[in-house]
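Only heavy atoms go into these numbers, but all of them, side chains included; no hydrogens, no water, no symmetry mates. Since the structure is predicted, the reported quantities are computational estimates derived from the model, not experimental observations. Order of the sequence lines fixes the chain letters, A, B, ..., with proteins taken first and strands second; residue numbering starts at 1 for each chain.
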Amino acid sequence: MDLKTLYREVILDHYKQPRNTAELRNPNREAKCRNPSCGDKISVQLSIEDGRVTDVAMLGNGCAISQASASMMTEAVKGRSIEDVEAVMAEFSEMIVKGSPDFDRARLGDLVIMEGVARLHARVRCAMCGWSALEAALHDPGAEINLDNEDGMPASSRG
Amino acid sequence: MDLKTLYREVILDHYKQPRNTAELRNPNREAKCRNPSCGDKISVQLSIEDGRVTDVAMLGNGCAISQASASMMTEAVKGRSIEDVEAVMAEFSEMIVKGSPDFDRARLGDLVIMEGVARLHARVRCAMCGWSALEAALHDPGAEINLDNEDGMPASSRG
Amino acid sequence: MMNSDSPAGAGISSGFDVAAIRQDFPALQRTVNEFPLVYFDNTAATLKPRQVIDCITRVYSDFPANVHRGIHMLSEEATNAYEETREKLARFINAASSDEIIYTLNTTDSINHVCGSWGEANIGPGDEIIVTDMEHHANFVPWQQLCKRKGARLQVVGVLGSGQLNREEFDRKLSERTKLVAVAHVSNVSGVVNPIPELARQAHAVGAMFVADCAQSVPHMPIDVQTLGADFIAFSAYKMLAPFGVGILWGRRALLDAMPPYRTGGNMIAEVSREDTRFNVTPHKFEAGTPSIADVIATGAAIDYLEALGMDAIYNHEKKISRYLHERLAALPGLRIIGDYFEGKPAIASFHLDYAHPHDIAQFLNEEGVAVRSGLHCAEPLHNALGLNSSTRASLYLYNTNEEIDRLVAAIETVAEIFA
Amino acid sequence: MMNSDSPAGAGISSGFDVAAIRQDFPALQRTVNEFPLVYFDNTAATLKPRQVIDCITRVYSDFPANVHRGIHMLSEEATNAYEETREKLARFINAASSDEIIYTLNTTDSINHVCGSWGEANIGPGDEIIVTDMEHHANFVPWQQLCKRKGARLQVVGVLGSGQLNREEFDRKLSERTKLVAVAHVSNVSGVVNPIPELARQAHAVGAMFVADCAQSVPHMPIDVQTLGADFIAFSAYKMLAPFGVGILWGRRALLDAMPPYRTGGNMIAEVSREDTRFNVTPHKFEAGTPSIADVIATGAAIDYLEALGMDAIYNHEKKISRYLHERLAALPGLRIIGDYFEGKPAIASFHLDYAHPHDIAQFLNEEGVAVRSGLHCAEPLHNALGLNSSTRASLYLYNTNEEIDRLVAAIETVAEIFA
Ligand SMILES: Cc1ncc(COP(=O)(O)O)c(C=O)c1O
Ligand SMILES: Cc1ncc(COP(=O)(O)O)c(C=O)c1O
């Protein structure tokens, strides 16, 4: 898929109309992720009940890839069990960060259309921003994660 | 003049039998020079009376070039007026440090046979060690001069 | 000794012959997605002419030895060429002596030298250091952190809507408490050229030291440290056609002589005993360990290249393409350039588009073969001051042309099509 | 991606084929006074194979761009190759993670990082730091100066007549007051190999940090930081076939994470505001400003070259030529080698002659085409301890041969003729 097609068919829809952007009233988990290369920030809020993500919101702004990826993320995790969410996170990271072809396509579902981002190495950070916030919300609630400058992996430095 | 000839005909004579190495009884000027590339040190002592170097000694040890150059230096300055000594120092430095062909041959006399050292860039320091001590004895008595690592010029750092 | 071929563009009759100059740069032969490369990321690093590349090859093929006046032939050749670059650099910026030229790793390292040596020794509680909002992090964070360590106060001078320094605020913040002023000569984002001679005169009048970050000026315009007025300047060789790995710190001899060394170790010493160390003289006392020898020597080849073209001619060419760049960009709907255009502005334009994010812009520009930077350009305080998250920067150099600017404009129009 | 040609000497059937290896090194084609060059100054800097030289040319011709994940193609290529070397270095010394590899300017800079960051933060009055008399100034002066600044005490452990570390004195000086121990893995003068694992175990037992200066071990023998036992190691790329301009600091991740940055500026930050700065993570928080990008990438090519030959095979070759070197030199009248020979001694021999000064020896050896170093080799405390003003050092590497050792011996005999 060439870049224009990737943007036109996948990214722009979510960029222009990102899903789940209404602030939650009573989130019980929340975290932020910041991309130091552009200063963009995404916050993720979760409502978790009985081991299940009953509601999710992503707030903040950024480039089309980070917004689209975070928006798709909210759709992918809403209503899922935490176990499922963890598994999806792992597969998404395998696809985007490792750029490995060996991820579980079935588990990723619609997210597979983001595969083309893996070859845009400098944009891996963008694609991971919302996901890193999600991961922090689950494992280190309240954290403000910085994406590492070089390899797009979430870094543990806190404010 | 090739290296062997330079050493055989010029350097080794002074190296093996350096002139004016007896410590002076009552020097009125004295300074040291150290070559940081090998740790060698040469001290120069002067007796100056009525604006004239009535006696001179060079003490210390080092490589053949530094010893020979310092030994020749003592012969060149003994009995000369300070003005003459300054002029000889300047011409010697012109010949060795600058490597310029425009030095005053007449003024340097026998010292001209050291000309071949100028092309041994790494040895300029060696050839200048005794001379730098002489200069310090005249202008900054008591100093311990260090030869600069790169260009063989005396440096002003004091102990 | 290491004199290189003249640049093709320096022919007698040709004036400034960009087409010929371009032949010297192998990277300009590259294509991206089948488009010829348009390289507009020169603020980050310039391309290298074959004269510089060949010089590196020659050093490593012929005399890849360590310096410091080793007696064998290869070391002698390396030492001579290494010290020759110091002479060339001194002449290039009109330093009083080549002893005032210190080789470091990059501009950041040069500024850290002044901060870690002069700053550590001279800044105390209650003192103030002035920087500006338009500094690169390299000339901001070290001073900020020094102030924190020392209980001193960082005074940050803002910028006006035009992008220019707020001189009134500068005058107000400068006081008897000011011990050091650190200002970029040319902003790497807005291209603003600060009036260093005047600012330095004001700083000196209150007894403050003046550091000019010349990373974006020395490569682009003639610089004479005798008239610039700063006490220290810092710049990077790789931003002026030379290899990575060499920064330069110039400082006034008397200041350098009085400063303690920054790093310690081999070659910067005169004598070492168990008990104590006597240091070598300026500049060697600041050059601990084995330097980037080949990169330094090839920096000499880069200076030969720049001097053959002439810094006046280079700056004139840049002014021309800068005017065209700004005209063309200003005409694009939804595009705003950071800072007002002014006559003589270096060919740097950082902009934002109403309809697209800098990272997406850079991505699509790359798709069309146009290389630009997007992000904060290591100048977060400036972006904060302007209320911007980030920007897209096109920065040009001596080999760039109006035709390439047309390519940039066409590529931005593609972005508009996709996002609009 | 940046994989280079295999070295000619790594053919399947050929074992360690020195004749073929030598073809890779352009400098070995040189003559000095019509003699083929014998390069025995490898401790100061090694020659470079064409694989490394070609890699530099390729970087500057194809993607001479800055790193830090710029979005355009050239920056992406540069970033990928730059980070790939970090992986290669991590594998080469068996680091737990490539995040533990920090690029610096040289070994001296690496040690200054530990001293200026960990040392500044952790050393106080009454604390003690142990070094040895056989340290290079790079691993001596920084600790001595730190002790002076902090009111701490430098404990210097001497060497025995054999050249070996005085272990009894080490045991005696090590105490609860010891906060850091800094020791060379291999002496650059005597070639002594210190027992780092044991010394580090002892240091850790009293709660001290251990820094190993591996500038002369990593290029010559297999190194595994997991078993070496040190907390930090430092070495220089240009001593292992790579370009000048790259030092490496390896440290344990947890220590690096807890340390403040050494230099500050661009790229080592996460967020900068007027008031404060949050730093990037390890290793980036230690890499301020633009690094020696091409030199780092070509360091990857050097590692490819060394790995294709195999570090075991390289060390075996060196042991063989070392034995021959020591045998031949020991047989010369009036010649004494610093330190006793031992099985496995790296091919370094520093010697003095009764009848001639090291500078004169080096001069005449150069005349015969043999390149050696003379002087203090940045190890003045060792020369002081041995009562020597200076020495002449022959140091060999993977491309050197017994025939070249014969040339050295013949050249020393010429010196004897002239001076005797
Ligand atoms: C104005 C300015 N200052 C400082 C720097 C930092 O230079 P370096 O990365 O060589 O340390 C840059 C580089 O982008 C710059 O543009
Ligand atoms: C044992 C040892 N340590 C440190 C150094 C210093 O290395 P650099 O000059 O790369 O800083 C050397 C270089 O000669 C060395 O041999």
Side-chain angles (χ1 to χ4, degrees), chain C residues 26-27 30 32 41 44-45 47-48 53 56-57 60-62 64-66 70-74 105-109 112 136-138 141-142 144-145 156 236 238 243-245 263-266 269 272-274 277 288-290 292-295 359 362-363 366 371-374 378 380-381 384, chain D residues 26-27 30 32 41 44-45 47-48 53 56-57 60-62 64-66 70-74 105-109 112 136-138 141-142 144-145 156 236 238 243-245 263-266 269 272-274 277 288-290 292-295 359 362-363 366 371-374 378 380-381 384:
Chain C
R30 290 202 69 183
V32 183
D41 191 21
L47 305 178
K48 318 302 172 197
I53 303 173
I56 303 172
T57 304
Y60 285 130
S61 299
D62 292 353
N66 213 320
I71 285 170
H72 61 79
M73 187 179 79
L74 271 56
L105 177 57
N106 49 32
T107 297
T108 306
D109 192 26
N112 275 271
H136 186 283
H137 294 161
V141 183
Q144 182 191 59
Q145 298 297 312
V156 184
S236 294
Y238 71 87
F244 295 108
R263 290 191 277 270
T264 60
I269 59 91
V272 177
S273 70
R274 277 186 167 199
T277 295
T290 299
S292 290
I293 297 168
D295 300 326
H359 281 353
Q363 193 77 58
N366 179 64
V372 297
R373 279 272 149 171
S374 61
C378 296
E380 197 163 355
N384 289 347
Chain D
R30 289 202 69 183
V32 183
D41 191 21
L47 304 178
K48 319 300 173 199
I53 303 173
I56 302 173
T57 303
Y60 285 130
S61 300
D62 291 353
N66 213 321
I71 285 171
H72 62 80
M73 187 180 81
L74 271 56
L105 177 57
N106 50 32
T107 298
T108 306
D109 191 27
N112 274 270
H136 187 282
H137 294 161
V141 182
Q144 181 193 58
Q145 299 297 312
V156 185
S236 296
Y238 71 87
F244 295 107
R263 287 190 278 272
T264 60
I269 59 90
V272 177
S273 70
R274 278 188 167 198
T277 295
T290 301
S292 290
I293 298 168
D295 301 326
H359 279 353
Q363 193 77 59
N366 179 63
V372 298
R373 278 271 150 171
S374 61
C378 296
E380 198 163 353
N384 289 347

Please test D/Thr277 against C/Gln145 for side chain to side chain contact (heavy atoms under 4.5 Å, CB included), starting from the C-alpha separation and ending with a verdict.
-> CA-CA 8 Å; D/Thr277 295; C/Gln145 298 297 312; 3.7 Å; yes
Highest number of heavy-atom pairs under 4.5 Å with chain D: which of [options]?
{"options": "C/Gly245, C/Ser236, C/Ser374", "answer": "C/Gly245"}
{"options": "C/Val272, C/Asn366, C/Val141", "answer": "C/Val272"}
{"options": "C/Ser61, C/Ala45, C/Ala27, C/Pro26", "answer": "C/Ser61"}
{"options": "C/Thr107, C/Asp295, C/Asn384", "answer": "C/Asp295"}
{"options": "C/Ala294, C/Cys378, C/Ala44", "answer": "C/Ala44"}

Interface moiety of D/Ile53 toward chain C, non-hydrogen atoms closer than 4.5 Å =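 Only the side chain of D/Ile53 comes within 4.5 Å of chain C.
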Heavy-atom distances under 4.5 Å only: say whether D/Ile71 touches chain C with side chain, backbone, both or neither.
->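 Answer is both: backbone and side chain atoms of D/Ile71 are under 4.5 Å from chain C.
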Checking heavy atoms, do the side chain of [X], its backbone, both or neither come under 4.5 Å from chain D?
{"X": "C/Arg30", "value": "side chain"}
{"X": "C/Ile56", "value": "side chain"}
{"X": "C/Asn66", "value": "both"}
{"X": "C/Thr57", "value": "both"}
{"X": "C/Asp62", "value": "both"}
{"X": "C/Leu47", "value": "both"}

Looking only at non-hydrogen atoms, find the nearest pair between [X] and [Y] and report the distance.
{"X": "D/Pro64", "Y": "C/Lys48", "value": "CB-CG, 4.0 Å"}
{"X": "D/Arg263", "Y": "C/Asn112", "value": "CA-OD1, 3.5 Å"}
{"X": "C/Thr290", "Y": "D/Phe244", "value": "CG2-CD2, 3.8 Å"}
{"X": "D/Ala371", "Y": "C/His72", "value": "CB-CG, 3.4 Å"}
{"X": "D/Ala288", "Y": "C/Thr108", "value": "CB-CG2, 3.7 Å"}
{"X": "C/Pro142", "Y": "D/Thr264", "value": "CA-OG1, 3.1 Å"}

Among D/Gln363, D/Arg274, D/Arg373, residue most engaged with chain C (heavy-atom pairs, under 4.5 Å) =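 Going by pairs under 4.5 Å, I would pick D/Arg274.
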Distance, nearest 0.5 Å, that separates CG of D/Asp109 from CG of C/Asp109 =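 Rounded to the nearest 0.5 Å, the CG-CG separation comes out at 6.5 Å.
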Any donor-acceptor pair under 3.5 Å from C/Glu380 side chain to D/Ser273 backbone =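 Side chain of C/Glu380 to backbone of D/Ser273, a donor-acceptor pair under 3.5 Å: no, none is there.
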